[in-house]
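Inspection log for the structure reproduced underneath, given as structure tokens.
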Amino acid sequence: MSEVIEHETQIESVREAFGREFERFARFRSEGGAAGLSLGDAEASLRELAELRTRQTGKKSALSQLMKLVGRVPAEERAAFGQRVQSLRAEVESALDEAEQSLRAHAAAERVEHERIDVTLPGRRPRHGHLHPITIVRQRL
């Protein structure tokens, strides 16, 4: 029974650690959460989010360590433990995907706005130059 409690505390500690690291990206999960960010800030946040994804779901992450632990759990508890670990993994990946999707959409909208050209503005008029001196002499003759 103490092993079950220990496994539960490991899962909860990984969930809490992710929550603490993901806290500053949580606002991006909702639509319009990235409003007010400049293009540079949005791209920097995307890079930081990618680093967070690597730290939380990479080979050496705490989540991966839990996945490796599934094989060492007693057989009668293995299924339930595996399901909880998989649901935690799905929860983490879902949160990361939602934030990334929102940031990417905002960055794309900012990029379009930044690169937009107003075709209703008058264009540049060609500059009027002068005739070549030889052409002027020919005309006088």
Side-chain angles (χ1 to χ4, degrees), residues 1-140:
M1 188 67 175
S2 66
E3 286 183 22
V4 173
I5 294 171
E6 182 180 319
H7 296 310
E8 287 298 320
T9 58
Q10 287 176 338
I11 290 174
E12 284 307 311
S13 68
V14 170
R15 179 177 278 125
E16 289 171 8
F18 172 73
R20 281 191 305 272
E21 279 196 75
F22 187 72
E23 195 172 281
R24 60 193 180 126
F25 298 106
R27 67 184 174 121
F28 301 132
R29 289 180 77 176
S30 63
E31 288 295 322
L37 279 181
S38 68
L39 179 60
D41 291 342
E43 288 175 345
S45 293
L46 274 170
R47 284 190 298 276
E48 292 171 9
L49 192 63
E51 291 171 6
L52 176 65
R53 179 184 297 272
T54 302
R55 278 195 311 271
Q56 292 296 324
T57 61
K59 286 185 177 182
K60 296 183 180 181
S61 68
L63 192 58
S64 292
Q65 298 304 319
L66 283 177
M67 296 292 283
K68 292 176 185 175
L69 190 64
V70 171
R72 292 187 219 138
V73 173
E76 59 273 359
E77 301 167 9
R78 189 174 298 147
F81 180 72
Q83 286 177 350
R84 286 191 296 276
V85 170
Q86 286 295 338
S87 70
L88 175 61
R89 183 180 197 86
E91 181 183 318
V92 166
E93 288 179 351
S94 171
L96 290 169
D97 288 342
E98 288 173 10
E100 182 180 9
Q101 183 179 8
S102 175
L103 275 171
R104 285 194 188 281
H106 179 72
E110 284 291 316
R111 196 173 294 114
V112 166
E113 182 65 29
H114 182 67
E115 295 173 353
R116 184 177 61 139
I117 298 173
D118 188 2
V119 294
T120 61
L121 292 175
R124 293 184 182 156
R125 293 189 176 159
R127 292 179 53 197
H128 296 288
H130 58 278
L131 293 176
H132 194 274
I134 295 178
T135 306
I136 295 172
V137 169
R138 283 186 180 159
Q139 287 177 349
R140 286 186 185 164

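Model, not experiment: these values are computed from the prediction.
- One distance of note links CD of Glu113 with CG of Leu39; it measures 11.5 Å at 0.5 Å rounding.
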Practice prompt. Take Leu37 and Leu103 through the test side-chain contact (heavy atoms from CB on, under 4.5 Å) and record every step on the way to the result.
Written response: CA-CA 9 Å; Leu37 279 181; Leu103 275 171; 4.0 Å; yes
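- Residue Leu88 holds its CG atom at 10.0 Å from CD of Glu93, rounded to the nearest 0.5 Å.
- The distance from atom CZ of Arg24 to atom CG of Leu52, rounded to the nearest 0.5 Å, is 7.5 Å.
- For the side chain to side chain contact (heavy atoms under 4.5 Å, CB included) test, residues two or more places apart in sequence or in another chain that qualify with Glu98 are Arg29, Ser94.
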Scan the side chains in residues 121-132 for donor-acceptor partners under 3.5 Å anywhere in the protein, sequence neighbours excluded, and list what turns up.
| from | atom 1 | to | atom 2 | distance (Å) |
| --- | --- | --- | --- | --- |
| His132 | ND1 | Ile134 | N | 3.2 |

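- Residues forming a side-chain hydrogen bond (donor to acceptor under 3.5 Å, both in side chains) with Thr135 (at least two apart in sequence, or on another chain): none.
- Atoms CZ and OG, on Arg53 and Ser61 in that order, are 12.0 Å from each other to the nearest 0.5 Å.
- The heavy-atom pair separating Ala42 from Ala107 by the smallest distance is CB-CB, 4.1 Å.
- The aromatic rings of Phe18 and Phe22 lie parallel to each other, their planes meeting at an angle below 30°, with 60° marking the opposite boundary.
- Under the 4.5 Å side-chain criterion, counting only non-hydrogen atoms from C-beta, Phe81 is in contact with Leu66.
- A salt bridge does not link Asp97 with Arg104: none of the charged nitrogens is closer than 4.0 Å to a carboxylate oxygen.
- Within 6.0 Å of atom CD in Gln139, more than 12 heavy atoms from other residues, nucleotides or ligands are found, so the atom counts as buried in its surroundings.
- Within the structure, every pair that satisfies the salt bridge (charged side-chain N to carboxylate O under 4.0 Å, His left out) test and touches residues 55-65, not counting sequence neighbours, is listed here: Glu21-Arg55.
- Listed by first then second residue, pairs satisfying side chain to side chain donor-acceptor pair (under 3.5 Å) with a partner in residues 33-47 read Ser38-Asp41, Glu43-Arg111, not counting sequence neighbours.
- Taking Glu91 as the reference, Arg15 meet the side chain to side chain contact (heavy atoms under 4.5 Å, CB included) condition, with sequence neighbours excluded.
- With rounding to the nearest 0.5 Å, the separation of CG in Leu63 from CZ in Arg89 is 5.0 Å.
- A side-chain donor-acceptor contact under 3.5 Å links Ser87 to the backbone of Arg84.
- A 4.5 Å side-chain heavy-atom check between Gln65 and Gln10 finds every atom pair outside the cut-off.
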